[in-house]
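The figures here come from the full heavy-atom set of this structure, side chains too, leaving out hydrogens, waters and symmetry mates. Keep in mind that what you see is a predicted model, and the values were worked out from it rather than measured.
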Amino acid sequence: MKTKASLKTEEKAAGHQPRKKCRGPQKMHSMRNQVAALFIGLLFLSIVAISAINMIFLERYYISKKTEVLLEAMDALETLDLDAVEEDTARDYEDEEEAEFSDGTDAYADVPDEMRTFGSKKNLTWVVMGTDTSLLAYVGDNPNMLRNRLFGYAYDLDMDSKKNVIKVLEENDSYIVQQVHDRFANMDYVECWGNLSNGDYFLIRTPLESIRESVAISNNFYFFVGAAIILISGLFIWILTNKITKPISELTRLSQQMTDLDFDARYECRAGNEIDVLGDNFNKMCSELEKNISELKSANNKLQKDIQDKIKIDQMRKEFLDNVSHELKTPIALIQGYAEGLKENISEDPESREFYCDVIIDESAKMNKLVKNLLTLNQLESGKDAAVMERFDIVSLIRGVLGSMEILIQQKEAKVIFEATKPVYVWADEFKIEEVVTNYTSNALNHLAGDRQIEINVWKEDDRVKVTVFNTGYPIPEEDLPNLWNKFYKVDKARTREYGGSGIGLSIVKAIMEGLNQEYGVQNYDNGVEFWFTLDRK
């Protein structure tokens with residue numbers, strides 16, 4: 001015997017791949033929840049991304065824009081007429097020590113209004129210093145401080161200012177744009193300083209604290225507004241996704257019903273898009289599948305019935321051949337044996353020869369009766385012997401059967417009780433019903449015992465008549481009752497052989513009654529057995 005390990009080795013050698021384990025059922029998530037979570041997540045990520053971008057890049061963008069503004073202001077300074085400013089400055093401040101402007105009234109007076117407005121709007125302060133370090137013009141507060149810073153830049157004297165330079169943003173031969181930290185104001189600035197075309201020095205600056213404060217304020221604003229947007233948008237997204245996914249969810253539910261072969265499922269939602277077309281096609285598919293499966297089931301049932309009928313027919317054919325062979329074997333053997341005895345003159349006694357001849361005739365009659373019964377049963381079961389419905393008196397028919405069997409009744413020493421006198425009319429095939437009554441009566445005569453009585457009754461039951469044939473004797477074993485109507489079935493084979501029965505009589509009764517769509521049966525009593533059948537009165 002091969003072990004499990006050896007089988008695995010053989011499978012590998014044969015090139016068989018190991019079987020993959022099947023995944024278990026996957027946990028299903030609602031499409032509505034997934035879509036809503038996706039949109040809300042995207043919205044949240046967008047707000048977070050905007051805040052991050054605002055925090056990281058807004059200051060850089062602001063500085064780049066301020067650099068452009070500073071350069072624009074530098075170009076404006078090139079157009080400023082500083083000659084008048086210089087004359088006023090020299091006239092009002094004759095010595096250098098008094099040339100420290102406290103308010104800059106005279107210098108400020110010659111700066112055009114548009115320059116002052118431009119500086120105010122752009123939050124710029126600037127100074128212009130002559131080559132003799134005199135303050136020529138300015139906009140903003142603390143002009144001396146700015147002039148001193150410019151002086152240090154121009155003559156490379158203020159080492160602390162150089163240390164406070166954070167980053168040089170732009171530089172050429174005429175100017176430098178840089179980001180610096182003012183340790184006195186404790187603030188960062190963007191500055192532009194250099195030489196004008198006439199040789200004068202200039203310094204323009206703007207603070208960065210405003211943009212940083214703006215970034216913090218905008219981030220706080222984005223946080224609160226973003227939270228409100230997420231809540232409100234989440235509600236709308238939830239409602240919207242419900243409307244969008246409801247038809248798809250219904251199709252999912254209907255597909256599950258179809259999986260369970262529930263074809264009453266129908267798509268009824270209206271989405272106003274291609275899903276409706278899918279739903280209509282789904283409904284058509286349900287109808288077609290139901291129709292096709294119904295046809296398949298009908299065909300399958302018919303096929304199963306045909307298979308069962310074929311099996312039954314094959315079994316019946318086999319049983320028929322076996323039973324016919326068995327029934328004919330004994331009489332043929334007897335006929336052959338006694339015929340050979342006559343031929344060989346085994347006994348010259350006339351009485352013995354007559355006995356031999358009687359046996360041959362008797363066995364031939366039994367075979368003839370068997371063949372006739374088989375032919376009759378075959379015609380009945382095949383439907384070739386169609387019933388001829390007619391109205392007749394069942395009482396008269398029973399009395400006629402009893403009259404024809406009078407000699408047999410006397411031989412059996414039977415007492416037949418049939419007290420019906422008034423006519424009872426029924427609808428049926430009279431010839432076939434006579435066959436049924438004859439079979440029942442013969443069967444009763446052959447199984448008499450005890451009081452040796454046969455009682456025949458005709459009972460009226462609404463629109464029907466029930467005919468019963470009772471004989472005293474031994475009850476039939478309960479396990480044999482269902483098989484009595486089968487061909488060649490015999491409860492007591494020895495006794496059946498004794499009176500020449502073939503086991504076909506009750507099969508003929510069954511075929512006749514089923515052909516007439518009537519009921520029939522048998523019932524045991526303590527002192528005998530009763531066979532019965534029904535007929536229509538109308």
Side-chain angles (χ1 to χ4, degrees), residues 327 362 365-381 385 387-390 392-420 423-448 452-459 465-473 476 484-491 495-496 498-516 518-523 528-535:
E327 292 295 329
D362 184 50
K366 290 179 182 179
M367 286 196 299
N368 185 45
K369 182 181 178 182
L370 174 63
V371 172
K372 286 182 178 180
N373 286 338
L374 288 173
L375 291 173
T376 301
L377 182 60
N378 180 62
Q379 289 181 336
L380 290 171
E381 290 181 339
D385 188 7
V388 179
M389 303 301 291
E390 53 189 330
F392 60 91
D393 179 13
I394 186 65
V395 174
S396 176
L397 184 145
I398 294 173
R399 291 198 176 280
V401 171
L402 293 177
S404 64
M405 301 179 69
E406 183 64 30
I407 296 176
L408 183 60
I409 293 172
Q410 292 177 4
Q411 289 177 350
K412 298 288 185 178
E413 298 178 355
K415 181 182 179 181
V416 178
I417 302 173
F418 181 57
E419 298 178 348
V424 177
Y425 290 96
V426 295
W427 282 93
D429 189 317
E430 185 175 3
F431 175 77
K432 292 180 179 179
I433 296 303
E434 183 179 356
E435 181 77 15
V436 172
V437 174
T438 301
N439 278 323
Y440 274 0
T441 307
S442 299
N443 195 61
L445 287 171
N446 291 326
H447 294 85
L448 277 173
R452 303 188 70 79
Q453 288 185 359
I454 296 176
E455 184 178 354
I456 301 176
N457 289 300
V458 177
W459 308 99
V465 170
K466 184 176 182 180
V467 180
T468 62
V469 179
F470 170 81
N471 67 274
T472 58
I476 301 171
L484 289 177
W485 313 98
N486 296 337
K487 291 189 290 291
F488 300 108
Y489 187 82
K490 301 171 185 177
V491 178
R495 185 169 182 179
T496 304
E498 181 182 339
Y499 65 79
S502 61
I504 299 179
L506 292 180
S507 299
I508 293 175
V509 171
K510 175 185 176 183
I512 290 174
M513 299 315 298
E514 290 181 351
L516 295 172
Q518 296 297 329
E519 296 179 358
Y520 60 96
V522 60
Q523 184 175 357
V529 180
E530 179 183 85
F531 285 85
W532 59 270
F533 67 91
T534 63
L535 294 173

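To the nearest 0.5 Å, the span separating CZ on Phe392 from CG on Asp429 amounts to 8.0 Å. Interatomic distance, Met513 CE to Glu519 CD, rounded to the nearest 0.5 Å: 9.0 Å.
Residues Leu506 and Tyr440 approach most closely at CD2-CE1, 4.0 Å, considering heavy atoms. Nearest heavy-atom pair across Val395 and Asp393 is N-OD1, 3.1 Å. Minimum heavy-atom separation, Gln453 to Ile417: OE1-CD1, 3.9 Å. Closest of all the heavy-atom pairs between Ala414 and Leu445 is CB-CD2, 3.7 Å.
Taking a 6.0 Å sphere around NZ of Lys415, one finds it holds 12 or fewer heavy atoms contributed by other residues, nucleotides or ligands.
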Q. Checking side chain to side chain contact (heavy atoms under 4.5 Å, CB included) for the pair Leu402/Ile456: CA distance, chi angles, key distance, verdict?
A. CA-CA 10 Å; Leu402 293 177; Ile456 301 176; 3.9 Å; yes
Q: Take Val529 and His447, measure what side chain to side chain contact (heavy atoms under 4.5 Å, CB included) needs, and give me the verdict at the end.
A: CA-CA 9 Å; Val529 180; His447 294 85; over 6 Å; no
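Proximity of Asn457 to Phe470: side-chain heavy atoms (C-beta onward) are nowhere separated by under 4.5 Å. For the pair Tyr520/Trp485, a side-chain contact is recorded, criterion being any heavy-atom separation below 4.5 Å from C-beta on. Contact of the Phe531 side chain with the Asn439 side chain is not registered, since no non-hydrogen atoms from C-beta on lie closer than 4.5 Å. With a 4.5 Å cut-off on side-chain heavy atoms, Val426 and Ile433 do not count as touching. Leu516 has its side chain within reach of Met389: a pair of non-hydrogen atoms, C-beta onward, lies under 4.5 Å apart. Lys412 places a side-chain heavy atom less than 4.5 Å from the side chain of Asn446. When side chains are defined from C-beta on, Arg399 counts as touching Phe418, because their heavy atoms get closer than 4.5 Å.
For the 3.5 Å distance criterion, the side chains of Thr534 and Gln518 qualify, holding a donor opposite an acceptor.
With hydrogens and angles disregarded, a donor-acceptor distance shorter than 3.5 Å links the side chain of Thr472 to the backbone of Arg452. Side chain of Asn471 to backbone of Ile454: no donor-acceptor contact under 3.5 angstrom is found.
Put simply, the residue from Gln410, Met405, Glu406 that forms a side-chain contact (heavy atoms from CB on, under 4.5 Å) with Leu408 is Met405.
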